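The model shown is predicted, which means the values in this text are computed figures rather than measured ones.
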Amino acid sequence: MGDDLEGVLDPGTEQQITAWRSYVSRREAIDGRDVDELEDHLRGEIGRLAASGLDADEAFLVAVKRLGALDDLSREFAREHSDRLWKQLMFADEPAVPRAGGLALAVGLAVGAAIAIKVPALFGVDFAGTGSFYPRFLPLLILPFVAVYFLVRRRASPATVLAVAAPFALAAVLMAVYPFHNDAATLVLATTHCAVALWLVIGIAYIDGRVRSSRARMDFIRFTGEWVVYLALIALGGGVLIALTMGVFAAIGVDAAMFVQDWMLPCGLAGAVVVAAWLVEAKQSVIENIAPVLTKLFTPLFALLLLAFIVAGIVQGVSTATGVEVFGQRDLLILFDVVLVVVVGLLLYAQSARDPLAPPSWFDSLQLVLVAAAIVVDAMVLVAMIGRIAEWGASPNKLASLGLNVILLANLAGAAWLQLRFVMHRAPLERLERWQTGFLPVYLAWAAVVVVVFPPVFDFV
């Protein structure tokens, strides 16, 4: 039937079918063969409706509606094929003929990352020592393997490969030639921000170069959230494995601590970064049951945390006019920077896991409360940071944190306005998504500034 319809369906309809297929493919318990069958029925219905006189857009919409509710269809498949979700967790469902981006590639790259992390140590570089090699190059030893995985899986064009490879090469050159002092603040800042910047560059590979698409950027945000969930699960399992390893060998009088520290921990961490990326790609329909639940669980908890902190600050007599001693504590400022970043990530991932066509719900109102509380805390922290800089002078850590807080405040302020309009049915969710995903290049640019500009400005100390 598909061959007969090649001349009927225009490119616009084909794009709509591609988007529909992508959505259906992410539903639980529906595999590729099921999607093929559904698409065949959809194309046939579109062809019949087009032959009856409807235009392409009308034919597509009517055909999708006639095909039935996807959520009901998913539940039916789950009931009839309840074992399929468990089979998805096994390696047996890999195709007999390896394809690009399959398990073999992921395992090979994971082994490559593990080797890359250990080769310098084999030549005398102390991983846990005070030398600057690992602090400089740790992200560059692991993240390129994740980038390669997605470039191969997406069969990326030469332009996309170049767009991804160039930042990695530039980062490697800068980290190699900059004369950092050991344990310098600029070295720590450069390494951490290098990791953030390169992860966002990996997003270019993940979305196959479609950097102007807000929907594609939101897909990368969804991937990042799911990757964090899988990496945490792998880390928990790895912790159990390490404990058992040390316990078993201790029972026979062998101390396995050095083996665990020098081999299991670094190699396992490096390989897990790649394996987690493969798991997200291979098992998307399974993790979708977990991630939205975590989002709904932690959103109210973080909202309560921020509200409680605001109240505690008021009770302690902290005000933005006097720039408070409590907020002036360096460790507390760093801690709340982390909290605010997690809040922004929570909001982004909640939106990425949401049905964009669903009307506003109580959870959207709760997110608005979370955003408002985060704005208040961010403003208090920002004022305290400015006070510290005025009193003690500028430093790389202070300015890096100040810049991040300014970006977070702008991000949260726009998100609060658009979230309010969405809850009041005055703006579509798409505008909020475009605003949020539009800040990804801003975070990338700021991370690049910290990596490239801060070290020489502060004399690499």
Side-chain angles (χ1 to χ4, degrees), residues 88-92 94 101-153 168 171-172 175 188 191-192 194-196 198-199 202 205-206 223-252 254-284 286-287 290-291 294:
Q88 286 176 352
L89 295 173
M90 306 303 293
F91 293 156
E94 286 292 317
L103 176 60
L105 175 65
V107 171
L109 291 172
V111 172
I115 293 173
I117 207 72
K118 280 303 299 180
V119 165
L122 296 178
F123 284 90
V125 177
D126 187 0
F127 185 86
T130 59
S132 64
F133 180 85
Y134 278 107
R136 285 172 183 255
F137 295 106
L138 188 59
L140 289 160
L141 293 173
I142 301 175
L143 295 183
F145 293 93
V146 183
V148 169
Y149 172 74
F150 286 116
L151 290 173
V152 174
R153 183 173 180 84
F168 274 92
M175 297 303 287
V188 176
T191 303
T192 54
C194 181
V196 172
L198 293 181
W199 182 260
I202 288 173
Y206 181 83
F223 159 77
T224 300
E226 296 174 356
W227 176 83
V228 170
V229 172
Y230 270 122
L231 191 63
L233 293 174
I234 294 173
L236 290 173
V240 173
L241 178 61
I242 287 174
L244 289 175
T245 299
M246 296 186 67
V248 167
F249 280 93
I252 58 174
V254 177
D255 185 4
M258 293 299 295
F259 171 75
V260 168
Q261 177 181 320
D262 294 343
W263 289 93
M264 283 189 70
L265 204 54
C267 293
L269 175 61
V273 171
V274 181
V275 171
W278 169 76
L279 282 171
V280 176
E281 285 289 282
K283 316 297 177 184
Q284 286 178 353
V286 177
I287 195 64
I290 302 173
L294 295 178

Atom of [X], atom of [Y] and distance for their closest heavy-atom approach:
X      : Y      : answer
Ala272 : Ile234 : CB-CG2, 3.7 Å
Val146 : Ala277 : CG1-CB, 4.2 Å
Pro144 : Pro139 : CD-O, 3.6 Å
Pro266 : Lys118 : CG-CD, 4.3 Å
Ala205 : Ala147 : CB-O, 4.1 Å
Ala276 : Leu231 : CB-N, 4.0 Å

In the structure I gave you, are the side-chain heavy atoms of [X] and [Y] within less than 4.5 Å of one another anywhere?
X      : Y      : value
Ile115 : Phe145 : no
Leu105 : Trp278 : no
Ile117 : Leu138 : yes
Val240 : Leu244 : yes
Leu143 : Phe168 : yes

- Partner residues of Thr191 under the side-chain hydrogen bond (donor to acceptor under 3.5 Å, both in side chains) criterion, sequence neighbours left out: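 Here no residue qualifies.
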Rounded to the nearest 0.5 Å, what's the gap from [atom1] on [X] to [atom2] on [Y]? Could you check?
X      : Y      : atom1 : atom2 : value
Gln261 : Ile242 : CD    : CD1   : 11.0 Å
Leu279 : Leu233 : CG    : CG    : 9.5 Å
Met175 : Leu140 : CE    : CG    : 7.0 Å
Thr224 : Ile202 : OG1   : CD1   : 9.0 Å

- Task: Take the angle between the ring planes of Trp199 and Phe223 and call it parallel below 30°, perpendicular above 60°, tilted in between.
- Result: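 Trp199 and Phe223: parallel rings.
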